[in-house]
Amino acid sequence: MRNFLLVVCLLMAGYRAGAQPAAPLSARLDKVSLTFALGPDGHPTYAVAYGTKPVLEPSRLGLTFADGKGFDGPLTLVGSETKDVDETWQPVWGEVKNIRNHYQQLTVHLRQPAAKGRLLDIVFRVFADGVGFRYEFPRQPNLQYFTVQDEHTEFNLPGNHKAFWIPGDYDSNEYAYTTSRVSEVNTTPIPAIEQKAPANRIQTPLMLKSDDGLYLNIHEAALVNYPAMFLNVDTQTFCLTSQLVPDGTGTGAKAYLQAPEHTPWRTIVVSDRAPDVLASKLILNLNEPSKLTDTGWIHPQKFVGVWWEMQVGRATWSYSDSSNIKLAGTDWSKLKPNGRHGANTANVKRYIDFAAAHHIPGVLVEGWNVGWEDWVGNWKEDVFDFVTPYPDFDVDELQRYAAGKGVNIIMHHETSGSATNYERRQDAAYRFMNAHGYTSVKTGYVGRIIPRGEHHDGQWMVNHYVRTAQNTADHHIMVDMHEAVRPTGLNRTYPNWLACESARGNEFNAFSTGNAPEHETILPFTRFMGGPMDYTPGIFKLQGYAAAAPGRQVHTTLCKQLALYVTLYSPLQMAADLPENYNQHLDAFQFIEDVPVDWDDTRILAAEPGDYLTTVRKAKGRDEWYLGSITDENARQQPVKLDFLTPGQHYEAIIYADGKGADWQKNPTAYRISKQVVDSKSSLTLQLAPGGGAAVSFKPVKK
Ligand code: NOJ
Ligand code: CA
């Protein structure tokens, strides 16, 4: 286990017993300060400041339970204590080698006189880059089994900030971001799944920028045994209030809990510099250390896959064009093949050959198993069994072939929303994987959750994802979840949980109007705050790829696709395009071949949400650096000082830059590759085309 404490400094600073009404209690670290108070009416409130600037005005806290009682005030203060913690730990994989966890903690002990003296603690952790807090329900005689009906946590913004938001759909995060003032947030028509919810409901991670220059991110950490938190926006007062995702019973119940228990952490990352928000480790720090002691089998990796050809309509996941097929007892070899099945043995070998030739360790294969004839539109519980291959997919032969070429095939488990079916079959499915040499799986949850219509982001599914992380770990399997709840740093606790999708990925360029050029400059400030995403970058054929829509195009230049391998952090990165499209540009593919997926260090050199981002990272265990720089729809010049390089060492810089006349819309494929020798005193000026980017590798050379 690599998560050991280097330094633990624990200072207990006086237990404070308070009378009513209590004087404000506080905690601070560097510029960030937090105040807690019980108002004259006994309602708990907190406020956050950054230096002299308010981050959150006094904001209410509280919960109501299904029994009508809960902790929505008036409460009395029983006592409080503070402590300081400063420790350093090492992630199994990540953006940096060492992570410092430095905070001051304030715990307040509260009592609910109206409910037989029920007890609640609120724990605040104040970091140099923000605040986390959670509600804790201690073991107590008058609170055993309880149902949270609502949480009333406020984030009371002091101004009408600029916000980067997506609407509050309890089942999907796959939306384009809107940038507007908080007063202009308008999510009507909201996906009408939860009719009673107010229209102005948005999702976290929410990125905000104040007129006085503060960058602010609101999200949550360690989402376990609780529904995801959405935010209701008051467009008049700029107060955001928590909205928990309801369960599938229709009663409005949100979470079924037993004391002792606690909620996830509510997180506020704040800085006056945008790059600091991206560098923040606050959310990871609020997660528990790894539950896995043996992690030697966990390997970040790049992969190609039988995938984009289905996304663009050139092949099918299904083997036949039949439908309504019974899973049990069907002889699949009797079905008439449709002739377009992507996951056939010969085609998979083509991808294995390409991967082996270019040092790409993984090949994802979707559509290998029976059931795809009924995977959408024909919702039923038993669509997939996860162990029966289609007649034209030879499991044993492909296992032999892939192993012979040093490539691993990545398993795919689309559940079609039938999570109960998947849980019943997981053990058999993972044993099948172990027996056939598969070490990682991509899961998926397309459609409403079967059988009870739970939401993807409700408590039941949140627990399903965590159970799946644990069950895969028990079988030494790494997992990448699509359509799961957006991440909250749980990859620290389950380092085999490499990535999630849970946002609008590159695939939207295949089957929809796509992602605007600014999309990838917003994602790191929003979705990626919670953890890695399987974005599937690396499309080289940027126009004329979609069978059904010849005019469709990806909204980036080719070089921006390269830069995404650095600007979007994930231990799992797909090279998503088809081998034949890569073969047209093997000189540019060299960057994908070279770029690592695990790092010792990361520096955010320039960033502004919605506009641009330049990131440089140092390869794990090697003195090699990789830089990615991207812009929105505007062309930009990005100066870069190379002072991150080891002083005295010379490097060969290979610069993959947008070519003359490059433009995401008119000329996306123009690029220019140049080489030069540089050192830590050198600098570069990168020219980014509209919707463009640049990628640079730096490898040590003798002078
Ligand atoms: C949606 C996923 O995001 C995509 O990657 C996958 O190919 C399809 N579902 C089928 O499972
Ligand atoms: Ca912009």
Side-chain angles (χ1 to χ4, degrees), residues 162-164 171-180 207 209 274 303-318 342-343 364-369 371-377 383-384 386 410-419 422 441-447 456 479-484 486 499-512 515-527 533-539 555-556 560 570 572-574 576-577 606-613 630-636 664 688 690-693:
K162 185 177 179 184
F164 301 84
D171 287 279
S172 177
N173 325 90
E174 299 182 15
Y175 290 88
Y177 290 91
T178 301
T179 306
S180 79
M207 188 65 206
K209 185 182 179 185
F303 64 103
V304 293
V306 181
W307 180 75
W308 188 248
E309 53 184 286
M310 278 89 89
Q311 297 292 338
V312 297
R314 285 179 36 169
T316 60
W317 282 273
S318 61
L364 168 72
V365 184
E366 295 199 4
W368 70 278
N369 60 321
W372 288 89
E373 282 74 8
D374 293 304
W375 82 290
V376 278
V383 176
F384 295 108
F386 314 103
I410 299 176
M411 173 52 73
H412 185 231
H413 292 160
E414 172 58 57
T415 66
S416 205
S418 190
Y422 188 38
V441 61
K442 168 179 169 181
T443 62
Y445 300 88
V446 171
H456 285 71
V479 62
D480 164 24
M481 301 187 197
H482 279 229
E483 296 88 39
R486 77 280 186 277
C500 287
E501 181 192 43
S502 314
R504 196 173 164 102
N506 221 11
E507 67 181 28
F508 272 77
N509 287 309
F511 54 66
S512 79
N515 299 335
E518 67 171 13
H519 187 61
E520 296 95 348
T521 70
I522 300 175
L523 278 174
F525 288 95
T526 52
R527 161 65 183 75
M533 176 178 176
D534 182 15
Y535 187 71
T536 68
I539 300 305
H555 296 54
T556 74
K560 185 169 174 181
S570 179
L572 201 63
Q573 291 277 29
M574 186 170 199
D577 213 336
E608 182 65 23
D611 294 342
Y612 56 86
L613 172 59
I630 61 168
T631 179
D632 59 3
E633 68 283 2
N634 299 305
R636 261 172 237 280
W664 74 268
L688 313 178

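The basis for the numbers below is simple: all heavy atoms, side chains too, and nothing from hydrogens, waters or symmetry mates. Both ligands and their constituent atoms are indexed starting at 1 by order of listing.
Here the CZ atom belonging to Phe303 is positioned 4.5 Å from the CG atom belonging to Asp534, to the nearest 0.5 angstrom. Annotation: the span from Ile522 atom CD1 to Phe164 atom CZ amounts to 6.0 Å, rounded to 0.5 Å. Expressed to the nearest 0.5 Å, how far CZ of Arg504 lies from CE of Met533 amounts to 10.5 Å. For the atom pair CD1 (Ile410) and CE (Met574), the distance works out to 8.0 Å, reported to the nearest 0.5 Å. Here Thr415 contributes atom OG1 and His482 contributes atom NE2; the two are 12.5 Å apart, rounded to the nearest 0.5 Å.
Regarding atom 11 (O) of ligand 1, its nearest protein heavy-atom neighbour is Glu414 OE1, 2.6 Å. Counting only heavy atoms of the protein, atom 5 (O) of ligand 1 lies nearest to Lys442 NZ, 2.6 Å. Protein heavy atom at the shortest distance from atom 1 (C) of ligand 1 is Glu483 OE2, 3.0 Å. Nearest protein heavy-atom contact of atom 7 (O) of ligand 1 is Glu366 OE1, 2.5 Å. Regarding atom 4 (C) of ligand 1, its nearest protein heavy-atom neighbour is Glu507 OE1, 3.4 Å.
By the criterion of a heavy-atom distance under 4.0 Å, neither the backbone nor the side chain of Thr536 is placed next to ligand 1.
Relative orientation of the Trp664 and His555 rings is parallel, given thresholds of 30° and 60° on the angle between their planes.
A donor atom on one side chain and an acceptor atom on the other are not found under 3.5 Å apart for Tyr445 and His456.
With ligand atoms numbered from 1 in the order given, ligand 1 contributes 10 (C) to contacts under 4.0 Å with heavy atoms of Trp375. Of all the atoms in ligand 1, the ones that sit under 4.0 Å from a non-hydrogen atom of His482 are 2 (C), 3 (O), 5 (O). If you number the atoms of ligand 1 from 1 as listed, the ones under 4.0 Å from a heavy atom of Trp307 come out as 4 (C), 5 (O), 6 (C), 7 (O). Close approach of ligand 1 to Glu501 (heavy-atom distance below 4.0 Å) involves ligand atoms 3 (O). Near His412, with a cut-off below 4.0 Å to any heavy atom, the atoms of ligand 1 are 11 (O).
The OD1 atom of Asp611 and the O atom of Gly610 meet at the Ca ion (ligand 2) at an angle of about 80°, given to 10°.
Checked for salt-bridge contact, Glu608 and Lys209 meet the test: a charged N lies under 4.0 Å from a carboxylate O.
Look at Glu518 and the Ca ion (ligand 2): no N/O/S atom of the residue is under 3.0 Å from the metal.
Distances between N or O atoms of Trp372 and those of ligand 1 include no value under 3.5 Å.
Within Asp632, the N/O/S atom positioned nearest the Ca ion (ligand 2) carries the name OD2.
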_I'd like to know whether Lys442 forms a salt bridge (Lys or Arg N to Asp or Glu O under 4.0 Å) with Glu501, so could you lay out the CA-CA distance, the side-chain angles of the two residues, the decisive distance to 0.1 Å, and finally the verdict._
CA-CA 10 Å; Lys442 168 179 169 181; Glu501 181 192 43; over 6 Å; no

*Could you check Trp317 against His412 for ring-ring contact (aromatic ring centres under 6.0 Å, His included), going step by step and ending with a plain yes or no?*
CA-CA 11 Å; Trp317 282 273; His412 185 231; 8.0 Å; no

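Under a 4.0 Å heavy-atom criterion, Met310 is not in contact with ligand 1.
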